[in-house]
Amino acid sequence: KVQLVESGGGSVQAGGSLRLSCSASGDTYSINCMGWFRQAPGKEREGVAALVTVNARTYYAYYADSVKGRFIISQDKAKNTLYLQMNSLKPEDTAMYYCAAAVTCARRLEEVGYSNWGQGTQVTVSS
């Protein structure tokens with residue numbers, strides 16, 4: 001089992017930036033895929049970005065079309081921490097953001113592909 005704790009959310013004006021962090025603990029050695037999801041009020045949870053570990057030196061990042069070119073997913077393995085750098089934020093980015101972890105990465109931007117979830121951190125972007 002993996003425990004995930006998100007932080008870094010807050011309120012920002014459109015065009016601004018935020019960096020979310022996700023601290024992982026527990027059986028992190030088993031994790032090969034980590035992702036960020038978000039859920040806006042009245043909407044379904046959607047995949048934002050995923051980081052797939054191929055080996056100790058190789059990772060692949062995947063992004064939803066809505067955030068490509070604006071968000072960057074990264075990790076610090078030594079700190080067991082996943083990040084999401086969010087730039088050029090828009091009001092439509094307002095949502096609760098969740099960190100998730102999975103052993104396999106077949107469905108990297110799909111909620112069903114992940115079995116470990118954090119509690120979420122709120123991001124609010126005002127126009």
Side-chain angles (χ1 to χ4, degrees):
K1 187 71 176 174
V2 176
Q3 293 76 45
L4 303 170
V5 179
E6 303 94 336
S7 62
S11 297
V12 65
Q13 289 192 327
S17 298
L18 282 174
R19 189 178 79 157
L20 305 184
S21 299
C22 172
S23 179
S25 61
D27 298 333
T28 57
Y29 61 88
S30 66
I31 298 303
N32 294 298
C33 192
M34 294 196 73
W36 287 99
F37 289 75
R38 66 186 182 186
Q39 187 169 21
K43 294 187 177 181
E44 294 185 353
R45 194 178 299 189
E46 62 173 350
V48 173
L51 195 65
V52 175
T53 298
V54 177
N55 55 46
R57 299 180 180 179
T58 306
Y59 307 88
Y60 292 124
Y62 299 87
Y63 299 94
D65 288 344
S66 58
V67 305
K68 279 182 182 176
R70 300 189 297 123
F71 291 11
I72 301 171
I73 187 171
S74 63
Q75 67 178 349
D76 184 331
K77 289 291 275 186
K79 296 181 179 180
N80 283 328
T81 301
L82 182 74
Y83 301 101
L84 185 68
Q85 178 67 43
M86 305 186 295
N87 301 318
S88 302
L89 282 162
K90 304 175 181 180
E92 50 263 45
D93 294 319
T94 295
M96 184 70 80
Y97 282 72
Y98 298 89
C99 172
V103 175
T104 61
C105 306
R107 307 180 77 169
R108 46 193 173 258
L109 287 178
E110 297 180 51
E111 182 179 1
V112 68
Y114 293 81
S115 56
N116 300 277
W117 293 86
Q119 294 300 307
T121 185
Q122 178 68 38
V123 172
T124 302
V125 184
S126 59
S127 58

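Keep in mind that what you see is a predicted model, and the values were worked out from it rather than measured.
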Practice task
Report yes if the side chains of R38 and T94 come closer than 4.5 Å at any heavy-atom pair, otherwise no.
Solution key: no

Practice task
Dump the intermediate steps for side chain to side chain contact (heavy atoms under 4.5 Å, CB included) on M86 and Y97, then the final yes or no.
Solution key: CA-CA 11 Å; M86 305 186 295; Y97 282 72; 3.8 Å; yes

Practice task
Would you mind listing every salt bridge (charged side-chain N to carboxylate O under 4.0 Å, His left out) that reaches into residues 75-88, with sequence neighbours excluded?
Solution key: none

Exercise for the section: State the SG-CD1 distance between C99 and I73, to the nearest 0.5 angstrom. Expected result: 8.0 Å

Practice task
Over all heavy atoms of both residues, which pair between G113 and A102 is shortest? Give the atoms and the distance, please.
Solution key: O-CB, 3.3 Å

Practice task
Mark yes or no for whether T28, through its side chain, and S25, through its backbone, hold a donor-acceptor pair below 3.5 Å.
Solution key: no

Practice task
Determine, step by step, whether V2 and M34 satisfy the side chain to side chain contact (heavy atoms under 4.5 Å, CB included) criterion, reporting the C-alpha distance in whole Å, the side-chain angles of both residues, the deciding distance to 0.1 Å, and the verdict.
Solution key: CA-CA 11 Å; V2 176; M34 294 196 73; over 6 Å; no

Handout entry: Whether E6 side chain and G120 backbone form a donor-acceptor pair below 3.5 Å
Key = yes

Problem - Cationic N near anionic O, under 4.0 Å, K90 to D93 - result: no

Problem - Residues in side-chain hydrogen bond (donor to acceptor under 3.5 Å, both in side chains) contact with S17, at least two apart in sequence or another chain - result: N87

Handout entry: ILVMFWY clustering at 4.5 Å (side-chain atoms), partners of Y29
Key = none

Exercise for the section: Decide, based on the SG atoms alone, whether C105 and C33 are under 2.5 Å apart. Expected result: no

Problem - Distance (rounded to the nearest 0.5 Å) between Y62 OH and L51 CG - result: 9.5 Å

Handout entry: Qualifying residues under ring-ring contact (aromatic ring centres under 6.0 Å, His included), relative to F37, sequence neighbours excluded
Key = Y114, W117

Completion exercise
When every non-hydrogen atom of N32 is compared with those of V103, the smallest separation belongs to ND2-O, 2.9 Å

Problem - Shared hydrophobic cluster for L20 and V12 (ILVMFWY, side-chain gaps under 4.5 Å) - result: yes

Practice task
Flag the pair I72 / Y63 as yes when at least one side-chain heavy-atom distance between them is below 4.5 Å, and no otherwise.
Solution key: yes

Problem - Nearest non-hydrogen partners of T121 and G9, listed with the distance - result: OG1-N, 3.1 Å

Practice task
Report yes if some heavy atom in the side chain of V5 is under 4.5 Å from a heavy atom in the side chain of Q119; otherwise report no.
Solution key: no

Practice task
Could you list all the salt bridge (charged side-chain N to carboxylate O under 4.0 Å, His left out) pairs where at least one residue sits in residues 109-127, not counting sequence neighbours?
Solution key: R45-E111, R107-E110

Practice task
Please identify each residue that fulfils side-chain hydrogen bond (donor to acceptor under 3.5 Å, both in side chains) with R19, with sequence neighbours left out.
Solution key: none

Exercise for the section: Verify side chain to side chain contact (heavy atoms under 4.5 Å, CB included) between Y83 and C22, making sure each step is shown before the conclusion. Expected result: CA-CA 6 Å; Y83 301 101; C22 172; over 6 Å; no

Completion exercise
Between G47 and A64, the two heavy atoms sitting closest are O-CB, 3.4 Å

Exercise for the section: Would you check if Y98 and M96 make a side-chain contact, meaning some heavy-atom pair closer than 4.5 Å? Expected result: yes

Fill in the blank from the handout: Rounding to 0.5 Å, atoms CZ (R70) and CD (Q85) come to a distance of 12.0 Å

Problem - Minimal non-hydrogen separation, L89 against L18, with atom names - result: CD1-N, 3.9 Å

Completion exercise
Closest non-hydrogen atoms of A101 and L4, given as atom of the first, atom of the second and distance, are N-CD1, 3.7 Å

